[in-house]
Trainee: 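There's a structure below that I have some questions on.
Scope of the values below: all heavy atoms of this structure, side chains included, with no hydrogens, waters or symmetry mates. Model, not experiment: these values are computed from the prediction.
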Amino acid sequence: MTGQETAQGPKHTRDLTRRKVVAAGAGAVVAVGVGGAFAAGALAGEETTAGKGETAGTSGEACYKLTSETTEGPYYIDADKLRRDVTEDQEGIPLTLRLKVIDSDTCKPLANAAVDIWHCNALGVYSGYESMGSGGGGGGGGGTPPSGTPSGMPTGSPTGAPPGSGGGGGVHEEPTDDERYLRGTWRTDKKGEVVFRTVFPGWYQGRCVHIHTKVHVNGTWTDAGYEGGTTCHTGQLFFDEASVLATAEVAPYSTNTTTRTTLDDDTIYPGNGTEGGLLKLKYKKGAIAKGVTATLTMGVDPEATQDGTGDSVQPGASASASAG
């Protein structure tokens, strides 16, 4: 078990046409944001408020090609909490994530789409997989190393494709605990915009700093959450090197001793800027600890069904998900 991620890997079958998001319970913890307490209802109503002269979630982006599809990764958990504030009790630099979802063909906003986000904490640990340590096996956990002389060594020449490296792993991992911090789902408004409150992610072995995301359409919003529909986009959101280096000077990120993979060396980032998920960041220079606002417009094909590998499922084919 490597616990890292590759762009390819065996498929983990899951029914994408019947998903259900469970609404967050009354015990959800409210995050403390920039400049003081963040009220529980602060994201209600005016959830896309931007600064004077700005359009929230767009950052001046025009309609462009499809946002790059990337691997789902091993740590996706369906039926996550329906909420915009996913921080819970996690320490870290406050991050406001503003996303806008548009139809890449018509440029029209996609209203009432369900947007998932999930990412590791400041020390590289994913909720639901704490026993796997930092990134599920890279630099901080995973149990006691084996001792003694190995037995049953294979003989002969190896066959098949080599295992992934640098971003390793590929098979979906089943959760090992009930923690669900830094995970959540919320709907886009009539402008196609959605806002999440979280913390700046940390890093783990083999991967640059990133956030995972999915966009689901044609489902039904109920009192219990979101049901049915299809997944039209699976992607990852990335951070520029300057901002990551700045966070590395701030606790608790500064205590993370895992070797960090840069954006340029990452095996998943497509290298094509905003089209590939590179976020536009806003923060006060020299005071990143006070908080960061990240924005991105995502162009998606609402008619597509994505399988989590970066490939589309053709019409009539079974919808299965890879967690590579």
Side-chain angles (χ1 to χ4, degrees), residues 16-17 19 21 43-72 84 95-118 184-198 210-221 226 228-240 268-282 292-315 319:
L16 294 181
T17 63
R19 69 184 306 276
V21 182
L43 287 177
E46 294 295 323
E47 62 182 270
T48 57
T49 302
K52 186 176 181 180
E54 294 181 341
T55 301
T58 62
S59 300
E61 295 279 342
C63 186
Y64 53 84
K65 288 187 275 186
L66 282 169
T67 297
S68 300
E69 298 293 323
T70 63
T71 176
E72 173 185 293
R84 287 164 287 181
L95 176 68
T96 300
L97 179 63
R98 300 182 180 275
L99 302 174
K100 181 170 184 175
V101 184
I102 64 172
D103 183 322
S104 63
D105 184 42
T106 67
C107 298
K108 293 181 179 180
L110 289 183
N112 294 318
V115 179
D116 299 331
I117 65 164
W118 71 101
T185 302
W186 198 251
R187 74 168 73 189
T188 56
D189 63 16
K190 64 182 180 181
K191 297 179 181 179
E193 298 172 356
V194 62
V195 181
F196 290 98
R197 194 72 162 189
T198 184
H210 63 284
I211 293 175
H212 293 267
T213 187
K214 282 180 178 286
V215 178
H216 310 274
V217 294
N218 301 320
T220 302
W221 292 94
Y226 184 81
T230 55
T231 303
C232 70
H233 175 67
T234 300
Q236 297 185 26
L237 310 175
F238 300 93
F239 298 80
D240 64 76
I268 305 297
Y269 173 55
N272 51 350
T274 53
E275 186 183 329
L278 186 63
L279 293 161
K280 292 194 172 184
L281 306 180
K282 184 177 181 180
V292 178
T293 298
T295 62
L296 185 70
T297 297
M298 298 190 297
V300 303
D301 178 2
E303 302 300 320
T305 299
Q306 300 297 337
D307 65 0
T309 65
D311 298 321
S312 297
V313 176
Q314 297 301 316

Trainee: List the atom of T70, the atom of I268, and the distance in Å for their closest heavy-atom pair.
Mentor: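 Nearest heavy atoms, T70 then I268: CB-CG2, 4.0 Å.
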Trainee: Can you tell me how far CZ of F196 sits from CD1 of I211, rounded to the nearest 0.5 angstrom?
Mentor: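 The distance works out to 10.0 Å.
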Trainee: Do any N or O atoms from the side chain of T213 and from the backbone of D116 form a donor-acceptor pair under 3.5 angstrom?
Mentor: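 Yes, because the side chain of T213 sits within donor-acceptor range (under 3.5 Å) of the backbone of D116.
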Trainee: Rounded to the nearest 0.5 Å, what's the gap from OG1 on T274 to CG on L237? Could you check?
Mentor: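 Taking OG1 in T274 and CG in L237, the distance rounds to 11.5 Å.
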Trainee: State, with a plain yes or no, whether a side-chain heavy atom of V215 is found less than 4.5 Å away from one of L99.
Mentor: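 V215 vs L99: side chains apart.
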Trainee: What's the spacing between K100 NZ and L296 CG if we round to 0.5 Å?
Mentor: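 Rounded to the nearest 0.5 Å, the NZ-CG separation comes out at 12.0 Å.
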Trainee: State, with a plain yes or no, whether a side-chain heavy atom of E72 is found less than 4.5 Å away from one of K214.
Mentor: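 Sidechains of K214 and E72: in contact.
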Trainee: Is there a side-chain contact between D301 and D105 in this structure, where contact means two heavy atoms from C-beta onward sitting under 4.5 Å apart?
Mentor: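 Not in contact.
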Trainee: Return the CZ to OG1 distance between R84 and T185, rounded to the nearest 0.5 Å.
Mentor: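 These two atoms lie 12.5 Å from each other.
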Trainee: First locate atom CH2 of W186, then atom CD1 of I117, and finally report the distance between them rounded to the nearest 0.5 Å.
Mentor: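 Those atoms lie 13.0 Å apart.
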Trainee: Which heavy-atom pair separates N272 from G276 by the least distance, and what is that distance?
Mentor: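 Reported closest heavy-atom pair: OD1-CA, 2.8 Å.
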Trainee: Can you name the nearest heavy-atom pair linking L66 to E275, along with the distance?
Mentor: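 Residues L66 and E275, closest heavy atoms: O-CG, 3.5 Å.
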Trainee: Looking at every non-hydrogen atom in both residues, tell me the closest pair between T71 and Q236 and how far apart they are.
Mentor: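 Of all heavy-atom pairs spanning T71 and Q236, the closest is O-NE2, 3.0 Å.
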Trainee: How close do K190 and P109 get, heavy atom to heavy atom, and via which atoms?
Mentor: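 Closest heavy-atom pair between K190 and P109: O-CG, 3.8 Å.
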Trainee: With rounding to the nearest 0.5 Å, note down the distance linking CG in N112 to OG1 in T220.
Mentor: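 Between N112 CG and T220 OG1, I get 10.5 Å after rounding to 0.5 Å.
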Trainee: Which atoms form the tightest heavy-atom contact between P302 and V300, and what is the distance?
Mentor: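 Closest heavy-atom pair between P302 and V300: CD-O, 3.4 Å.
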Trainee: May I ask you to decide if the ring planes of H210 and F238 are parallel, tilted or perpendicular, using 30° and 60° as cut-offs?
Mentor: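 Tilted, since the angle between the ring planes falls between 30° and 60°.
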Trainee: Go through the side-chain N and O atoms of H233 and E69 and say whether any donor and acceptor fall under 3.5 Å apart.
Mentor: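 Yes, side-chain donor-acceptor contact under 3.5 Å.
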